[in-house]
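All remarks here apply to the structure that follows.
All values reported here derive from a predicted model rather than from experimental measurement.
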Amino acid sequence: MIRFARKSDFADVSALWRNIFGDEEEIINKFLSVHFEANNTVVYEDSGDIKAMFFLLGGDSVIEGKRYPSRYLYAACTAPEYRGRGIMSDM
């Protein structure tokens, strides 16, 4: 199931990040403490576990001198055993 993350997903999101990117827990927690929010963290859940995720980080795009609010994908990842299933494309 694809959905926005819940606060209760924090540990699963952190574990997936650590598994995929190999960052230390301190670095992960610093990022998540600022950017882990329900309206910007999209997850794929299977059998109660988070198997894929990405963050929608805000920013501005400037086109011909005019600013437009935008978002970009960050830390998009899928657990190795779930890759090749089109999950990220669906997300």
Exercise. For Ile87 and Lys51, what are the C-alpha separation, side-chain angles and deciding distance, and is it a side-chain contact (heavy atoms from CB on, under 4.5 Å)?
Worked result: CA-CA 9 Å; Ile87 293 168; Lys51 298 298 183 180; 5.6 Å; no

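- Interatomic distance, OH of Tyr74 versus OG1 of Thr41, reported as 12.5 Å (0.5 Å rounding).
- A single hydrophobic cluster is not seen to contain both Tyr82 and Val43; linkage of ILVMFWY side chains at heavy-atom distances under 4.5 Å, directly or through other members, places them apart.
- The minimum heavy-atom distance between Asp12 and Gly48, with the atom names listed, is OD2-O, 3.9 Å.
- The line from OH of Tyr68 to CG of Asp60 is 11.5 Å long, rounded to the nearest 0.5 Å.
- When every heavy atom of Asn39 is checked against every heavy atom of Arg71, the shortest pair comes out as O-NH1, 3.5 Å.
- Ring-plane geometry between Phe55 and Phe31 is classed as perpendicular, the angle between the planes exceeding 60 degrees on a 0 to 90 degree scale with a lower cut at 30.
- The side-chain heavy atoms of Pro80 and Asn19, taken from C-beta on, include a pair separated by under 4.5 Å.
- Between the Asn40 side chain and the Glu37 main chain, a donor and an acceptor come within less than 3.5 Å of each other.
- Each of Ile2 and Ile50 belongs to its own hydrophobic cluster when Ile, Leu, Val, Met, Phe, Trp and Tyr are linked at side-chain heavy-atom distances under 4.5 angstrom.
- Closest of all the heavy-atom pairs between Met88 and Ala52 is CE-CB, 4.4 Å.
- When hydrophobic clusters are built by joining Ile, Leu, Val, Met, Phe, Trp and Tyr residues whose side-chain heavy atoms come closer than 4.5 Å, directly or via intermediates, Met53 is not grouped with Tyr44.
- Closest heavy-atom contact between His35 and Leu57: ND1-CD2, 3.6 Å.
- Ile20 is connected to Phe36 through a chain of hydrophobic side-chain contacts under 4.5 Å among Ile, Leu, Val, Met, Phe, Trp and Tyr, so both are in one cluster.
- Trp17 approaches Ala75 most closely through the heavy-atom pair CZ3-CB, 3.6 Å.
- Judged by distance alone, the side chain of Asn29 and the main-chain N or O of Glu26 form no donor-acceptor pair under 3.5 Å.
- Judged by distance alone, the side chain of Arg83 and the main-chain N or O of Thr78 form a donor-acceptor pair under 3.5 Å.
- Taking hydrophobic clusters as Ile, Leu, Val, Met, Phe, Trp and Tyr residues chained together by side-chain heavy-atom distances below 4.5 Å, Phe10 shares a cluster with Phe21.
- Here the closest non-hydrogen pair linking Arg3 and Glu45 is NE-OE1, 2.8 Å.
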